[in-house]
Amino acid sequence: MDLYDALHTSSTGLAAQRLRMNLISANLANVNTTRTPEGGPYRRKEVVFAARSQKESFRDVLRSRQNRRPPDVQTTRIIEDQRAPIVKFAPHHPDADEKGYVALPHINVMEEMVNMISATRSYEANVTAVRAAKDMALKALEIGK
Amino acid sequence: MPQPAGLFDGTMSLLQRTLNLRSAQHHALSANIANADTPRYRSFEVAVDEELRKLRPDGRRLEMARTQAVHIPQPVDAGADRVSLRAGAVPAFSLRADGNTVDIDRTMGELAENTLKYKTSAQLLSAKLKSLKNVIQGGK
């Protein structure tokens, strides 16, 4: 049934936006982190989205041959921002180099905040779609009552 | 299966087809909303009005005439559940650089409209069944 497929598609959208939000939180939390397991300052993380058709069962593949299927969102990978770190003079810092400069993550708080608003709005849009699907399914259940 | 005219007339199958198309449209719109931040994603939708216009006023699909008795009859409901998708409207002016064509405001509006129309069709179908019930019970 299309409504269940729609619910599934919307939930992939919700999951994708939540992951994006988690990464934004991580970026904001680590705005001053100079030490990571990989060494060096924290690097800003971002998720890459891709559209994917639902093809799990034979039936899905068969149907996808008959007509195009609305695609889900897939979070393909998490990329690390390769911008050069911000260098700050702080000779007392334990992670400072011999000249007294410490490398801080290149994170623009304003940029993260804007992305956070965008992620929130997209999440809300998906919630609205889920609610609409639920309303429609409930209305269909009333047929013949 | 041909149905007796009057009782289960075209309204029923027309409403049924409408519900199918509207739920398919909902799936397409949900996919557009879910992919609102996917780079190079092209939005698409179900041509609900065009599909409905293909139906005859009595709600049945146009059938091929059988000029010979040996011709294989076309199933009445052949392709009734087939839904064709078309590319969604591309915003005339967009500042997006990622090639995504989802217009979130338009899509949310369409979602609301589609939901209302789905509910309307469900309500009509419900009312139709209710009136049938009324007739069966002799208005009691």
Side-chain angles (χ1 to χ4, degrees), chain A residues 1-17 19-21 46-54 63-64 66-76 115 118-119 121-145, chain B residues 12 15-16 19-46 79 81-88 98 100 102 104-105 107-108 110-130 132-133:
Chain A
M1 194 174 130
D2 276 315
L3 286 177
Y4 291 136
D5 293 340
L7 273 178
H8 182 256
T9 303
S10 291
S11 63
T12 62
L14 288 172
Q17 296 301 335
L19 176 64
R20 187 171 162 215
M21 186 65 103
E46 204 170 348
V47 65
V48 180
F49 293 161
R52 175 192 57 179
S53 286
Q54 299 173 345
R63 280 168 75 188
S64 74
Q66 290 171 336
N67 46 41
R68 267 174 66 210
R69 306 272 302 140
D72 294 346
V73 201
Q74 191 182 17
T75 47
T76 46
N115 280 336
S118 161
R121 294 285 170 264
S122 298
Y123 191 87
E124 280 168 4
N126 279 298
V127 170
T128 308
V130 168
R131 200 167 287 150
K134 221 171 67 182
D135 280 0
M136 285 159 76
L138 284 175
K139 192 75 196 172
L141 278 179
E142 280 175 27
I143 295 173
K145 255 195 187 167
Chain B
M12 292 278 224
L15 286 170
Q16 211 176 322
L19 289 177
N20 277 341
L21 285 168
R22 294 257 170 241
S23 61
Q25 168 77 322
H26 184 79
H27 190 192
L29 292 174
S30 297
N32 289 345
I33 293 166
N35 284 294
D37 295 316
T38 307
R40 291 187 300 283
Y41 176 83
R42 315 298 282 184
S43 71
F44 58 93
E45 60 195 14
V46 177
D81 287 332
R82 284 289 292 278
V83 171
S84 54
L85 298 169
R86 65 162 181 217
D98 62 358
N100 186 308
V102 177
I104 193 73
D105 301 308
T107 310
M108 294 310 283
E110 275 174 9
L111 187 88
E113 182 191 326
N114 190 55
T115 309
L116 271 177
K117 285 184 174 170
Y118 181 95
K119 285 181 169 182
T120 309
S121 300
Q123 182 89 47
L124 283 172
L125 195 52
S126 203
K128 179 88 187 161
L129 287 166
K130 223 168 258 170
L132 274 177
K133 205 168 158 189

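Sequence lines set the chain letters: A, B, ... in the order given, protein chains first and strands last, and positions in each chain run from 1. Just so it is clear, the structure is predicted and the values come from calculations on it, not from any experiment.
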NZ on A/Lys134 to CG on A/Leu3, rounded to 0.5 Å: 13.0 Å
Shortest non-hydrogen contact between B/Val102 and B/Ser43, atoms and distance: CG2-CB, 4.0 Å
Candidate list B/Gln25, B/Glu45, B/Arg22, B/Lys119, test side chain to side chain donor-acceptor pair (under 3.5 Å), partner B/Asn114, passing option: B/Arg22
B/Leu116 versus chain A, the contacting section by heavy-atom distance below 4.5 Å: neither
For the student: nearest non-hydrogen atoms of A/Pro71 and B/Asn35, plus distance: O-ND2, 3.0 Å
Side chain / backbone / both / neither for A/Arg20 at chain B, heavy atoms under 4.5 Å: side chain
Note, B/Leu19 side chain near A/Ile143 side chain (heavy atom, < 4.5 Å): yes
Toward chain B, the part of A/Ala16 with a non-hydrogen atom under 4.5 Å: neither
For chain A, the option from B/Ala31, B/Ala36, B/Ala112 that forms the most heavy-atom pairs under 4.5 Å: B/Ala31
Distance (rounded to the nearest 0.5 Å) between B/Asn32 CG and B/His27 NE2: 10.5 Å
Toward chain A, the part of B/Leu124 with a non-hydrogen atom under 4.5 Å: neither
Which atoms of A/Gln17 approach chain B - backbone, side chain, both or neither, heavy atom under 4.5 Å: side chain
Engaged part of B/Leu111 at the chain A interface, taking heavy atoms whose separation is under 4.5 Å: side chain
